[in-house]
Protein chains: 2
Amino acid sequence: MADVAALAGVSKATVSRVLSGAPGVSEETRRRIKALVKDLSYVVSPDASRLSRGSTGRIAVVMPHTTSWFYGAVLAGVLSVLRAEGLDALVYQVADGTESRTFFADLPVQRRVDAVIVVAFPVTEHERRQLDLLGMPVVVAGGALEHHAHVRIDDTTAARQAVTHLIRSGHERIAMINAAVTREWPYAPPADRLDGYRTALEDAGLTVDPRLVVDLPWSGTMGADGMDRLLSLDRPPTAVFGFCDEVALGALRSLRRAGVSVPRTVSVIGIDDHPLAELCDLTTVRQPAEQQGARSAHLALDLLGGAPTGELHVTLPTHLVIRATTGPPEDS
Amino acid sequence: MADVAALAGVSKATVSRVLSGAPGVSEETRRRIKALVKDLSYVVSPDASRLSRGSTGRIAVVMPHTTSWFYGAVLAGVLSVLRAEGLDALVYQVADGTESRTFFADLPVQRRVDAVIVVAFPVTEHERRQLDLLGMPVVVAGGALEHHAHVRIDDTTAARQAVTHLIRSGHERIAMINAAVTREWPYAPPADRLDGYRTALEDAGLTVDPRLVVDLPWSGTMGADGMDRLLSLDRPPTAVFGFCDEVALGALRSLRRAGVSVPRTVSVIGIDDHPLAELCDLTTVRQPAEQQGARSAHLALDLLGGAPTGELHVTLPTHLVIRATTGPPEDS
DNA sequence: CTGTTAGCGCCTTCAT
DNA sequence: ATGAAGGCGCTAACAG
């Protein structure tokens, strides 16, 4: 910048003003400096700028992993909003317990970012306190956290929408394959979807048969495993509600391999509307993943702006998407 | 840091030495300062540190989108390596033509990072030149770029593995549903997979029937659309090779809806080994996405270290994964 | 409107 | 082994 100033015959201050669009520079010198800057293809050093300005111009996105659709979509939403605002995103992947421990112990985001967006992450009480003493805005996408802004869906409602659809189709023996929430697959509050399943049944005057609820730790094939278990029952269910689409797709595999007709003999429904759900003709409840990311980013920006103008706790709606894996039960 | 120095009764220089692990400090003062630092839970400002040191401690990851499995997996690989090295990742999503244009015009990564990892991105000649004048290491993951390091698979070979598997199973009328590469879905070199398809057929003494090659611009359902087209042929193929798993899964949907038995009447194969391929029992050729990310990150680190010790052009192997969507043709 | 003067927080010679 | 001083590149008061 010193060079530019010298070549333009002005002071660094003036160049700085031009580059930051600050007022108080004559149109003419402004034009001259701009031309020179373009000529030299000069760009300011954000770090130096931030050092003296105070803010980093970056925000951290913390997620357990980046591979599955949900996290990718949330990230996409965050990025598109931040880019528009000229902010950079630092992505931190905090997968297993070890990484989580060191992350919250070292808090590597300290002094590196102006705000943190935590994506669908089960935060312990201790970790929450760590987050608090970070002293910067924290917003949660796809979950909730005491004392902090968040954007999410209502998991209980989503589950009810799914199960109610099955009930309305005439089903009475409805099973649920539930994912025990772990560090590796934490993307919904532990019990919300199960609660939705239960209340939907109860509201319809149906009883909850504990044998029809399969609880498994997350794995790529847990949906298939869960379905196998259900198929080995004396009286298998006529419909299955999967914790999420990936679980439901796993259930479909077991049914296909077992030669069970879908939806004639067994109906299957999930939650998410994963892109591949469409290709598998899976009935599901859609949740807006990208929007959750985008709204979180907006919330973070608001918080940064100092004026939390809107609501700090956003719940986005979910919608039933009926495809080909659900239908009336065989004997009805 | 000034505070720490004052409280410890030493100079900032000493504190700095301790914090950066530099030699020339007595064990005793070192211990004392460390304790104090922990007490105050003080951390250095990376920005300030970098300002005076010169490097940013960050590297940029540029990808067309973050939603699909491949990109997420590559990102995961990159992140795990960088984290181990204490480097931060700035993620840039450059989706459509407009974003791409502004990205390469403004080069927002300038002065913000020490190196750039470009993920599976079709770079034009002009853009390549822009990248060159960035003056920092650029490595390509999942693709190749003149003058730059890269990590990828051999797409031609992968396609040959897939098609050869079909040929060995006895198929002769083998179709390909090819994704016309676009900005939105650029994750393989335009013609490589098609070439692999062709040479595999030719090597087996089979003729390439142009009617069996469907070229469609990328979309979520292009696999299904392509399959519909193939099914409407006078003599439909007995096997279909999809550009990638998502295309193959789309083909499966069309076959299922049309009541065509798989693999009895038509076999289907893809490339990727997408996590859901397993749930759909899809035969495919696996490519190591996460590894491509990890290796790219290592390459970037090497380049940063100044000593490009290893090979700068890495090609990772792919493997056939046989599942349930391929088998011998009906009449053989 | 423009230039001068201080820092921002840290690292790095060079002395001591 | 430690301290003092200068500078990294830029912005933010103040002056003019």
Side-chain angles (χ1 to χ4, degrees), chain A residues 1-37 40-58 86-88 107-114 135-136 304, chain B residues 1-37 40-58 86-88 106-114 135-136:
Chain A
M1 174 176 274
D3 299 349
V4 182
L7 286 179
V10 297
S11 70
K12 290 192 302 177
T14 303
V15 177
S16 173
R17 282 191 267 259
V18 170
L19 260 26
S20 66
V25 181
S26 75
E27 251 331 295
E28 208 238 284
T29 38
R30 188 180 292 274
R31 217 188 319 277
R32 190 157 48 91
I33 293 180
K34 274 190 174 169
L36 192 53
V37 162
L40 274 48
S41 70
Y42 165 84
V43 286
V44 300
S45 156
D47 283 350
S49 167
R50 265 78 188 231
L51 218 210
S52 77
R53 194 200 303 269
S55 73
T56 69
R58 275 169 250 134
L87 292 184
D88 287 329
L107 285 186
V109 297
Q110 261 176 117
R111 309 255 237 152
R112 287 172 204 242
V113 298
D114 300 329
M136 55 176 99
L304 241 33
Chain B
M1 173 176 276
D3 299 349
V4 181
L7 287 179
V10 296
S11 71
K12 291 191 303 177
T14 303
V15 177
S16 172
R17 282 192 264 262
V18 170
L19 259 27
S20 66
V25 181
S26 76
E27 251 332 296
E28 208 238 282
T29 39
R30 188 180 292 275
R31 216 187 320 277
R32 190 157 49 88
I33 293 181
K34 274 190 176 171
L36 191 54
V37 161
L40 274 48
S41 69
Y42 165 84
V43 286
V44 301
S45 155
D47 282 350
S49 168
R50 264 78 187 231
L51 217 209
S52 73
R53 193 201 303 269
S55 73
T56 69
R58 278 170 247 133
L87 292 184
D88 286 330
D106 304 348
L107 287 185
V109 297
Q110 263 176 117
R111 309 256 238 151
R112 288 172 203 240
V113 298
D114 300 329
M136 56 175 101

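Numbered from 1 within each chain, the chains take letters A, B, ... in sequence-line order.
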L40(A) vs L7(A) side-chain heavy atoms within contact, under 4.5 Å = yes
query = For R111(A) and dC10(C), is the shortest distance between a side-chain N/O and OP1 or OP2 below 4.0 Å?
reply = yes
request  = Could you tell me the separation between the CD atom of Q110(A) and the P atom of dG9(C), rounded to a whole number of Å?
outcome  = 15 Å
inquiry  = dG3(D), OP1 or OP2 - any side-chain N/O from S11(B) closer than 4.0 Å?
reply    = yes
task = When you get a sec, tell me which of dC8(C), dC11(C), dT4(C) is the closest nucleotide to the side chain of R53(B)?
result = dC11(C)
query = dC10(C), dC10(D), dG3(D): which one has an atom nearest the side-chain heavy atoms of M1(B)?
reply = dC10(C)
note = Within residues 16-36 of chain A, the residues having a heavy atom closer than 4.0 Å to DNA chain C are R17(A), G24(A), V25(A), S26(A), T29(A)
query = Between S16(B) and K12(B), is there a donor-acceptor pair closer than 3.5 Å when you use the side chain of the first and the backbone of the second?
reply = no
message = Between D3(B) and Y42(B), is there a side-chain heavy-atom distance shorter than 4.5 Å?
response = no
ask   = Taking atom CD of Q110(A) and atom CE of M136(A), what is their separation to the nearest 0.5 Å?
value = 7.0 Å
task = Output yes when at least one side-chain N/O atom of Y42(B) is less than 4.0 Å from OP1 or OP2 of dC10(C), else no.
result = yes
request  = Find the distance K12(A):NZ to dG9(D):P and express it as a whole number of Å.
outcome  = 10 Å
ask   = Is R30(A) paired with E27(A) through a side-chain N to carboxylate O contact shorter than 4.0 Å?
value = yes
message = Categorize V10(B) for me: base, sugar-phosphate, or nothing, with a 4.0 angstrom heavy-atom threshold over every strand shown.
response = sugar-phosphate
key: Spacing of R112(A) atom CZ relative to dC10(C) atom P, expressed in whole Å   = 12 Å
key: Point-to-point distance, once rounded to the nearest 0.5 Å, from CZ of R31(A) to CG of L36(A)   = 14.5 Å
query = If each of L51(B) and R50(A) is mapped to the nucleotide of DNA chain D with the nearest heavy atom, which maps nearer the 5' terminus, i.e. the 5' end?
reply = L51(B)
ask   = Would you call R58(A) and D47(A) a salt bridge, taking side-chain N to carboxylate O under 4.0 Å as the test?
value = yes
task = For dG9(C), take OP1 and OP2 only and decide whether either is under 4.0 Å from a side-chain N or O of S49(B).
result = no
